[in-house]
Amino acid sequence: MEHFMARISHLVRRGSAYSARIRVPLDLVEIVGKRELVKALGTTEEAEAKRRLYPVIANWQREFDDLRARRALVPADRDHAVWDHYTATLDRDDEARAKLPGDIEIEAERAAVFAKAERGEIASTDPFVIFDATLDLKVKQAAGELAAEARKAKLAELRKHLSKGETALIAHEVDDYLRRNRLLVDRGTPDWISLARHMMRAEIEALQRTLERDRGDFSGQPTDPLVKPATGQRREVARPGEAIMEIFEVFARENKRGVSKDRINQCRRDIGTFIDVVGASFPISKITKVEVREWKQLLTQYPVKATETKAFAGMNIRQIVKANAQLGKPVIADRTVNRYLSSLSAFMSWAVDNGYLDRNPVEKLALRNESMTPAFPFDTEQLVALFNSPWFTGCKSAAEWRNVAKPGPVQIRDHRYWVPLIMLFSGARTGEIGQLAVSDVRQAHGHWIMYITTEGDKTGEGKSVKTAGSMRVVPIHPELIRLGFIQYHEQRVKDGGVALFPGAKRNARGQMMADVSREFGRYLTRIGIKSGRGLSLYSFRHGAADALRRAVFLDQQFGFILGHAEPTMTGRYGIMPQGMLEQRVELVNAIAYPGLDISHLSWR
């Protein structure tokens, strides 16, 4: 007899024993192969069953989230697929060439034919008899040429199929890659078709290399900008028994320090939010400071009692933080963030002792107990001083950061000059501006605009936005046009190249213009504008928001200009009705700074 517990969702009693039970979401039934999951909790005591229930349900939920995540491709998936297929094609070519008969083998076969003739074994003059007797020799002699012709034919067909949007020649390779990487993407979906086209371009490049090898040139490199070594992280998949929560349960049972059950349960819940970030199948051996740092940054924005708030029901930590950006509920204190970090750190220390990791990735990542100092906007006096300083008016050397703060004849007129000004008159983020392509700046309905997007032409440094809702169209402020931004854009068009600011680079962690952000803060200190914390490049963004408030606009009226919005089609590349654009022009043109005169600045 099975009884459902009215007070506890997912808890059922079968006879005297308790079990956890959950319905598989409809969109995952086909993948999971079941409509519901049931697991015995191994107890007849209701209180103990309740305690054991949470980790079981939480683990199932994380597995559902992981399965959903594997139904959509991320850029790193495509990048790895492209490079893997390119290198695998060349590896197969190496293997095939190694198996081709060499001159010695061909000569030996020719000698064998002559020997047969001398022994009278090819006495007939019938052409079919002669052909049969010499067939092996002919095959060996023509093997290399036939292989080259086959590769030429496939290259031609691949190019033809790519131009027509056909995928038959690559379909089996795509499905094999998806299967090996546990990616649950169906044939015919946009993600599958995109991956197929990417892999076709990879094979075209590889086949071109094989033709160069036929001519003796083994030095060729890909010319298609899409075909390059992948830099994004591969999706990690834990082997059975090595998922993070599986190992945690070993840690909890061992309980080396005799920690109370309540604290163990608290650790389990805390670490559950970390699993939300990395995924249920992430192997413990792959945890680094990168994953912990991302989790910590989310925790600093995590609302108080999030799991008890109906508005956040069913959400993971990323979704909760994103939703709270609109709701504005108070976030947990730094000491609470440190408690979460402490929970993971205790587990990681045990993992190091037990050989799962070489070092504890949580070490030295705790916050100070007081909240971090927020960024402040510049006041008018600070803006006047800044735009009359060497960074904008002339410095001793643009190549050495320490000499940028010293007056001199050198004019900085690259990304370092334009990005602060564009932030001042748009409120856009540093990285969003630094990654712009030349084609992202254009005219629409008579207005100059810039597209902040992951779409369009891809620069060498790549494109990303904070959230999908951050993709947007931003009109270019008249003051930027007066300063010569359009002339700068025209010069970049003449110079050629994809990037609008070719000098803007990402660091090893993928952060755009991290060096400029760091040095700008130091520069403010050198010229006496800044002492302590609070002012940075980000201050321009706060200043733009304040300027819009001075113009009597409400935050919800201009949030989308700053990239605080849910994803919409108006953020897509090239889509912007004229009426909507006119509204945005009005907003951006309202950004003004009373008392600030930068008429002395000019790009030329």
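- Taking the six-membered ring for Trp and the full ring otherwise, Y356 and W350 have centroids separated by under 6.0 Å.
- Geometric assessment of R78 against the ring of W192 yields a negative cation-pi assignment under the 6.0 Å and 45° thresholds.
- Note: I320 CD1 to M315 CE = 7.5 Å, rounded to the nearest 0.5 Å.
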Any chance you could lay out the side-chain hydrogen bond (donor to acceptor under 3.5 Å, both in side chains) test for R268 and N265, step after step, and finish with the verdict?
-> CA-CA 5 Å; R268 186 181 283 109; N265 289 335; 2.6 Å; yes
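- A donor-acceptor contact shorter than 3.5 Å links the side chain of N316 to the backbone of Q319.
- Put simply, the side chain of S426 gets close to the backbone of A428: a donor and an acceptor are under 3.5 Å apart.
- With S19 as reference, V38 is the one residue of V56, L53, V38 to meet the side-chain contact (heavy atoms from CB on, under 4.5 Å) rule.
- T231 and D79 form no side-chain donor-acceptor contact under 3.5 Å, judged by distance and modelled atom types alone.
- Rounding to the nearest 0.5 angstrom, the gap separating the OH atom in Y177 from the NE2 atom in H172 is 16.0 Å.
- Within the 3.5 Å criterion, the main-chain N or O of R21 finds a donor-acceptor partner in the side chain of H10.
- A salt bridge does not link R253 with E249: every distance from a Lys NZ or Arg NE/NH1/NH2 to an Asp or Glu carboxylate oxygen is 4.0 Å or more.
- Between the CG atom in L436 and the CE atom in M450 there is a gap of 6.5 Å [rounded to 0.5 Å].
- Inter-residue side-chain proximity for Y18 and L11 is flagged as met; some heavy-atom pair is nearer than 4.5 Å.
- Note that the CE atom of M200 and the NE2 atom of H85 stand 9.5 Å from one another [nearest 0.5 Å].
- A heavy-atom distance below 4.5 Å is found between the side chains of I244 and I275.
- For the atom pair R416 CZ and D515 CG, the distance stands at 8.5 Å (nearest 0.5 Å).
- Shown here is K289, whose NZ atom has more than 12 heavy atoms of other residues, nucleotides or ligands within 6.0 Å.
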Decide side-chain hydrogen bond (donor to acceptor under 3.5 Å, both in side chains) for T300 and Q297; before the verdict, give the C-alpha distance in whole Å, the side-chain angles of both, and the deciding distance to 0.1 Å.
-> CA-CA 5 Å; T300 62; Q297 290 169 349; over 6 Å; no
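- Residue-environment remark: CG (L554) exceeds the threshold of 12 foreign heavy atoms within 6.0 Å.
- At least one side-chain heavy atom of K329 sits under 4.5 Å from a side-chain heavy atom of F312.
- Residues R429 and R541 meet the side-chain proximity criterion, which asks for heavy atoms closer than 4.5 Å.
- Between F248 and F347, the two ring planes are perpendicular [angle over 60°; tilted spans 30° to 60°].
- Of the charged side-chain nitrogens involved, at least one lies within less than 4.0 Å of a carboxylate oxygen, so that R187 and D175 count as a salt-bridged pair.
- A salt bridge between R472 and E432 is present, with a side-chain N of the basic residue lying under 4.0 Å from a carboxylate O of the acidic one.
- In this structure, W295 and F274 have perpendicular ring planes: the angle between them is above 60°, well past the 30° mark.
- Around CD of Q557, the count of heavy atoms belonging to other residues, nucleotides or ligands within 6.0 Å exceeds 12.
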Taking it one step at a time, do W83 and L226 satisfy side chain to side chain contact (heavy atoms under 4.5 Å, CB included)?
-> CA-CA 9 Å; W83 191 247; L226 182 146; over 6 Å; no
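- Counting heavy atoms from C-beta on, the side chains of M245 and I271 come closer than 4.5 Å.
- Side chains of Y340 and Y302 form a contact here, defined as non-hydrogen atoms less than 4.5 Å apart.
- The CZ atom of F378 sits 5.0 Å away from the CG atom of L535 when rounded to the nearest 0.5 Å.
- Within a 6.0 Å radius of CZ in R549, more than 12 heavy atoms belonging to other residues, nucleotides or ligands are found.
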